[in-house]
2 protein chains.
Amino acid sequence: MYLKPMYSKELLKGTLTTIILRLLATHGKMYGYEITQKVKILSGEKILIKEGSLYPALHKLKDEGLVKTETEMVGNRMRKYYSLTEQGGVSTKEKVDELFQFIDTLKVILNVNPKLT
Amino acid sequence: MYLKPMYSKELLKGTLTTIILRLLATHGKMYGYEITQKVKILSGEKILIKEGSLYPALHKLKDEGLVKTETEMVGNRMRKYYSLTEQGGVSTKEKVDELFQFIDTLKVILNVNPKLT
DNA sequence: CTTGTATACATAGTTTTTCTATGTATATTT
DNA sequence: AAATATACATAGAAAAACTATGTATACAAG
């Protein structure tokens, strides 16, 4: 199956955790596979989160107390739902805010009019 | 000396090379220290590029043929000026474009209205 | 006059993040 | 029956930026 090339992987660095947290904030509880698919669809298949990136990131968020889990059986298949803790809700706001501030700063630097500097 | 805290270092990942290239595109030739100071000022001291990040990045860009150098003595002090090669000019446009597309995608994902998904 | 700060380059080794590759297993479609 | 999709997980590699350190000159403060 053909997939449009993803953005330079490097760009995702530092933003994956923020993406996960924000999706959990807007969707309530989600399971891992669901997160990969949601990101794939919302990004027009341009951001493809790999399982080798997602699960370690989720485990880390749990260790840090930002998300909690509940396991559910669907048929014979396990599903592990992730949702924000109270602390995770606070952290999400901070991280999203920081990311947008960073983007604003980036725009200043990248759109420099040399006559003004 | 007190400095406002920098953005989460992770956010810079993947954007440093684009920042360097874009600054060279708008300013012609620049030397390393000048780049760190320009970024510091343009970002309101929120992005502080470390020498341990900058010089390896510049050397890599040179290895890849995206920038070229000329050394100049200012008093007794060496100054190594970096400027874009032709290929570097093309690459700069691509990278800046990719970064802004990534930012647009990121906004879609982070601003999701759950009612619409 | 000497101490600290600024300018200016460079690199070794560490940390962090994401990736590739692999493994297990069930469900559904062809 | 085979291929694809669903669903979790982890080990080890790769990439990027960091910390820490080193060299050296210039200038300001005390």
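Atom set for the values below is all heavy atoms of this structure, side chains included, hydrogens, waters and symmetry mates excluded. Just so it is clear: chains get the letters A, B, ... in the order the sequence lines come, proteins before strands, and each one is counted from 1.
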Task: B:L99 side chain near A:L106 side chain, heavy-atom distance below 4.5 Å - done: yes

| query | Reckon B:E51 touches a base, only the sugar-phosphate, or nothing at all at heavy-atom distances under 4.0 Å? | reply | base

Identify each donor-acceptor pair in which a side-chain atom of residues 63-78 of chain B lies under 3.5 Å from a protein atom, sequence neighbours left out, and give them as a table.
unit_1, atom_1, unit_2, atom_2, d
B:K68, NZ, B:L84, O, 3.0
B:T69, OG1, B:K62, NZ, 2.8

By nearest-nucleotide position on DNA chain C, the 5'-leaning member of B:V74 and A:T17 is B:V74

| message | With a cut-off of less than 4.0 Å, is there a side-chain N or O of B:Y55 near OP1 or OP2 of C:dA10? | response | no

Do any N or O atoms from the side chain of A:K38 and from the backbone of A:T36 form a donor-acceptor pair under 3.5 angstrom?
no

Think B:Y31 has a side-chain N or O under 4.0 angstrom from the OP1 or OP2 of C:dA8? yes

From CG of B:L54 across to P of D:dA17 the rounded distance in Å is 10 Å

Practice prompt. For A:R77, report the nucleic acid contact type (base, sugar-phosphate, nothing); a contact means any heavy atom under 4.0 Å.
Written response: base

Here the distance between atom P of C:dT11 and atom NZ of B:K60, to the nearest Å, is 16 Å

Tell me what B:G52 touches on the nucleic acid: a base, only sugar-phosphate, or nothing, going by heavy atoms under 4.0 Å.
base

Item to complete: Indicate whether OP1 or OP2 belonging to D:dA9 is found under 4.0 Å from a side-chain N or O atom of A:K80.
Response: yes

Rounded to whole Å, the CG-C1' distance (A:D63 to D:dT10) equals 14 Å

Whole-Å distance, A:M73 CE to C:dT26 P, equals 10 Å

Between CG of A:L48 and P of D:dA5 the distance, given in whole Å, is 13 Å

Here the gap from A:I19 atom CD1 to A:I47 atom CD1, rounded to the nearest 0.5 Å, amounts to 5.0 Å

Atom CD1 of B:I49 and atom P of C:dA8 are separated, to the nearest Å, by 16 Å

Rounding to 0.5 Å, atoms CZ (B:F100) and CG (A:L110) come to a distance of 5.0 Å

Separation of C:dA8 atom C1' from B:M30 atom CE, nearest Å, is 14 Å

Check whether any side-chain N or O of B:H59 sits under 4.0 Å from OP1 or OP2 of C:dC9, and answer yes or no. no

In whole angstroms, the gap separating C1' of D:dA7 from NZ of A:K38 amounts to 17 Å

Q.
Side-chain N or O of A:N76 versus OP1/OP2 of C:dA25: is the shortest distance under 4.0 Å?
A. no

Can you tell me if A:K50 touches the phosphate of C:dA21, counting only side-chain N or O atoms and a distance under 4.0 Å to OP1 or OP2? no

